[in-house]
Engineer: 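A single structure is presented below for examination.
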Amino acid sequence: MKTHTVKAADIEERWYVIDAADKPLGRLASDIACVLRGKHHPEYSPHLSLGDHVIVVNAEKIYLSGKKREKKKYYTYSGYQSGLRVRTMDEILEKHPTRVVRFAVRGMLPHNKLGRRLLKKLKVYAGADHPHSAQKPADMPRL
């Protein structure tokens with residue numbers, strides 16, 4: 001019996017849209033990461049990019065429980081002395097509301113070339129409009 005492997009011609013990429021308004025950030029990011037990896041497909045392979053494209057709208061209206069807006073911190077380091085920048089989630093949501101969703105999904109993907117390739121399939125928008133109507137995106141399936 002031979003092992004079934006997926007070929008590049010067999011991969012069919014779909015587009016899904018999800019409304020992030022009033023949805024918990026962690027659960028939303030987990031569902032998005034599963035769809036980007038392709039875990040909802042029967043021909044899933046952990047080393048291939050079999051996932052679909054995901055469009056997230058209304059990222060600025062995401063639900064955060066507890067005091068995460070004030071207490072959760074994001075760290076960036078430039079590599080220079082005193083180059084550490086610490087920002088709260090509230091500061092990031094004010095300036096760049098799409099980054100919070102992107103950071104959460106990025107943490108749930110593999111930390112290698114495959115993860116970077118999968119992250120390019122994620123499109124996040126702060127408002128309700130997106131420019132991907134030509135791809136005819138469907139509503140994201142429940143996982």
Side-chain angles (χ1 to χ4, degrees), residues 1-69 71-80 83-143:
M1 185 169 193
K2 293 188 177 184
T3 304
H4 173 71
T5 57
V6 181
K7 297 180 179 50
D10 299 337
I11 298 173
E12 179 185 329
E13 294 181 346
R14 295 182 201 95
W15 286 73
Y16 294 113
V17 64
I18 186 165
D19 188 9
D22 299 325
K23 295 209 172 132
L25 177 62
R27 292 180 190 198
L28 177 75
S30 176
D31 288 346
I32 292 170
C34 284
V35 171
L36 288 174
R37 296 256 357 233
K39 287 190 170 189
H40 61 293
H41 291 300
E43 62 269 1
Y44 168 71
S45 240
H47 66 286
L48 293 175
S49 174
L50 298 175
D52 300 321
H53 295 263
V54 177
I55 304 164
V56 180
V57 294
N58 290 325
E60 62 191 2
K61 298 177 185 174
I62 197 113
Y63 172 73
L64 300 166
S65 62
K67 295 184 178 181
K68 287 189 186 117
R69 285 186 182 271
K71 295 213 173 186
K72 180 157 179 59
K73 298 188 185 323
Y74 290 95
Y75 298 91
T76 55
Y77 181 60
S78 67
Y80 290 97
L84 180 68
R85 298 184 86 176
V86 181
R87 293 187 179 159
T88 63
M89 186 178 280
D90 205 21
E91 292 173 7
I92 292 180
L93 277 172
E94 283 178 19
K95 291 187 178 181
H96 309 283
T98 60
R99 289 188 187 172
V100 173
V101 176
R102 185 172 292 281
F103 288 157
V105 173
R106 187 181 73 186
M108 295 184 185
L109 291 175
H111 302 289
N112 52 24
K113 289 181 189 177
L114 177 64
R116 290 188 290 275
R117 194 174 331 137
L118 293 174
L119 197 60
K120 290 179 183 176
K121 294 182 177 185
L122 175 67
K123 314 293 183 203
V124 185
Y125 298 99
D129 299 329
H130 63 84
H132 304 286
S133 58
Q135 281 74 23
K136 299 180 181 76
D139 289 334
M140 196 161 96
R142 293 293 313 153
L143 300 176

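Counting from 1, the numbers follow the sequence of the chain as shown.
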Engineer: How many angstroms lie between atom CD of Gln135 and atom CZ of Arg14, to the nearest 0.5 angstrom?
Structural biologist: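 Atom-to-atom, Gln135:CD and Arg14:CZ are 15.0 Å apart.
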
Engineer: More than 12 heavy atoms of other residues, nucleotides or ligands under 6.0 Å from CG of Asp129: is that the case?
Structural biologist: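 Atom CG in Asp129 is not crowded, with 12 or fewer foreign heavy atoms closer than 6.0 Å.
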
Engineer: Measure the CG-CD1 distance between Leu109 and Ile32 for me, rounded to the nearest 0.5 Å.
Structural biologist: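 It comes to 10.0 Å.
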
Engineer: Search all heavy atoms of His41 against all heavy atoms of Asp52 and return the closest pair with its distance.
Structural biologist: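 Closest pair (atom of His41, atom of Asp52, distance): NE2-OD2, 3.2 Å.
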
Engineer: Please name the pair of heavy atoms, one in Ser65 and one in Lys68, separated by the smallest distance, quoted to 0.1 Å.
Structural biologist: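 Taking Ser65 first and Lys68 second, the nearest heavy atoms are OG-NZ, 2.9 Å.
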
Engineer: Who are the side-chain contact (heavy atoms from CB on, under 4.5 Å) partners of Ser78, not counting sequence neighbours?
Structural biologist: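 For Ser78 the side-chain contact (heavy atoms from CB on, under 4.5 Å) partners, ignoring immediate neighbours, are Tyr80.
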
Engineer: Check side chain to side chain donor-acceptor pair (under 3.5 Å) between Tyr16 and all other residues, then give those that pass, not counting sequence neighbours.
Structural biologist: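 For Tyr16, no residue satisfies side chain to side chain donor-acceptor pair (under 3.5 Å) once neighbours in sequence are set aside.
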
Engineer: Under 3.5 Å, side chain of Arg106 to main-chain N/O of Arg116, donor-acceptor pair present?
Structural biologist: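 Between the backbone of Arg116 and the side chain of Arg106 there is no qualifying donor-acceptor contact (under 3.5 Å).
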
Engineer: Can you measure from CG (Leu48) to CD1 (Ile11) and round to the nearest 0.5 angstrom?
Structural biologist: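 Nearest 0.5 Å value for the CG-CD1 distance: 6.0 Å.
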
Engineer: If you round to the nearest 0.5 Å, how far is CD1 of Ile62 from CG of Leu25?
Structural biologist: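 Those atoms lie 5.0 Å apart.
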
Engineer: Considering residues at least two apart in sequence or located in another chain, which fulfil the side-chain contact (heavy atoms from CB on, under 4.5 Å) criterion with Asp31?
Structural biologist: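 Per chain and number, Asp31 pairs via side-chain contact (heavy atoms from CB on, under 4.5 Å) with Met140, Arg142, Leu143.
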
Engineer: Would you name the heavy atoms of His40 and Cys34 that are closest together and state the gap between them?
Structural biologist: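 The answer is ND1-O, 3.9 Å.
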
Engineer: Please report the closest heavy-atom contact between Leu118 and Pro110, naming both atoms and the distance.
Structural biologist: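 Closest heavy-atom pair between Leu118 and Pro110: CD1-CD, 4.4 Å.
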
Engineer: Can a donor-acceptor pair be found between the side chains of Ser133 and Lys136 at a distance below 3.5 Å?
Structural biologist: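 Note: Ser133 and Lys136 side chains miss the donor-acceptor criterion.
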
Engineer: Could you grab the distance from atom CG of Leu119 to atom CG of Leu36, nearest 0.5 Å is fine?
Structural biologist: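 Answer for the CG-CG pair, Leu119 versus Leu36, is 7.5 Å.
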
Engineer: If you look only at pairs with a residue in residues 117-128, which of them pass as a salt bridge (charged side-chain N to carboxylate O under 4.0 Å, His left out), with sequence neighbours excluded?
Structural biologist: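 Output for this query lists Glu13-Lys121.
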
Engineer: What pairs meet the salt bridge (charged side-chain N to carboxylate O under 4.0 Å, His left out) rule with one or both residues in residues 36-45, with sequence neighbours excluded?
Structural biologist: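 Non-adjacent pairs meeting salt bridge (charged side-chain N to carboxylate O under 4.0 Å, His left out): zero.
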
Engineer: Return the set of residues passing side chain to side chain donor-acceptor pair (under 3.5 Å) with Tyr74 (not counting sequence neighbours), or none when no residue passes.
Structural biologist: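 Not a single residue meets the side chain to side chain donor-acceptor pair (under 3.5 Å) criterion with Tyr74.
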
Engineer: Lys73: what forms a side chain to side chain donor-acceptor pair (under 3.5 Å) with it, not counting sequence neighbours?
Structural biologist: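 Counting only residues at least two positions away or on another chain, Lys73 forms no side chain to side chain donor-acceptor pair (under 3.5 Å).
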
Engineer: List the residues meeting side-chain contact (heavy atoms from CB on, under 4.5 Å) with Ser30, not counting sequence neighbours, and say none if there are none.
Structural biologist: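 Partners of Ser30 under the side-chain contact (heavy atoms from CB on, under 4.5 Å) test: Met108.
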
Engineer: Could you list the residues that satisfy side chain to side chain donor-acceptor pair (under 3.5 Å) with Thr5, not counting sequence neighbours?
Structural biologist: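 In terms of side chain to side chain donor-acceptor pair (under 3.5 Å), with neighbours along the sequence ignored, Thr5 is linked to no residue.
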
Engineer: For residues Pro42 and Tyr44, determine if any side-chain heavy atom of one lies less than 4.5 Å from a side-chain heavy atom of the other.
Structural biologist: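 No, every pair of side-chain atoms sits at 4.5 Å or beyond.
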
Engineer: What residue among Val57, Val56, Ile55, Val35 forms side-chain contact (heavy atoms from CB on, under 4.5 Å) with Ile18?
Structural biologist: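 The side-chain contact (heavy atoms from CB on, under 4.5 Å) with Ile18 is passed solely by Val56 among Val57, Val56, Ile55, Val35.
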
Engineer: Of all heavy-atom pairs between Ala20 and Ala59, which one has the smallest distance, and what is that distance?
Structural biologist: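 Scanning both residues completely, I find the closest heavy atoms to be CB-CA, 4.3 Å.
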
Engineer: List for me each residue that meets ring-ring contact (aromatic ring centres under 6.0 Å, His included) alongside His132, sequence neighbours excluded, and say none if there are none.
Structural biologist: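 Counting only residues at least two positions away or on another chain, His132 forms a ring-ring contact (aromatic ring centres under 6.0 Å, His included) with Trp15, Tyr125.
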
Engineer: Quick one: side-chain contact (heavy atoms from CB on, under 4.5 Å) partners of Asp10, sequence neighbours excluded?
Structural biologist: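 Only Val6, Lys7 meet the side-chain contact (heavy atoms from CB on, under 4.5 Å) criterion with Asp10.
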
Engineer: Throw together a table of side-chain donor-acceptor distances under 3.5 angstrom for residues 87-98, partners on residues two or more places apart or in other chains.
Structural biologist:
unit_1	atom_1	unit_2	atom_2	d
Thr88	OG1	Glu91	N	3.4

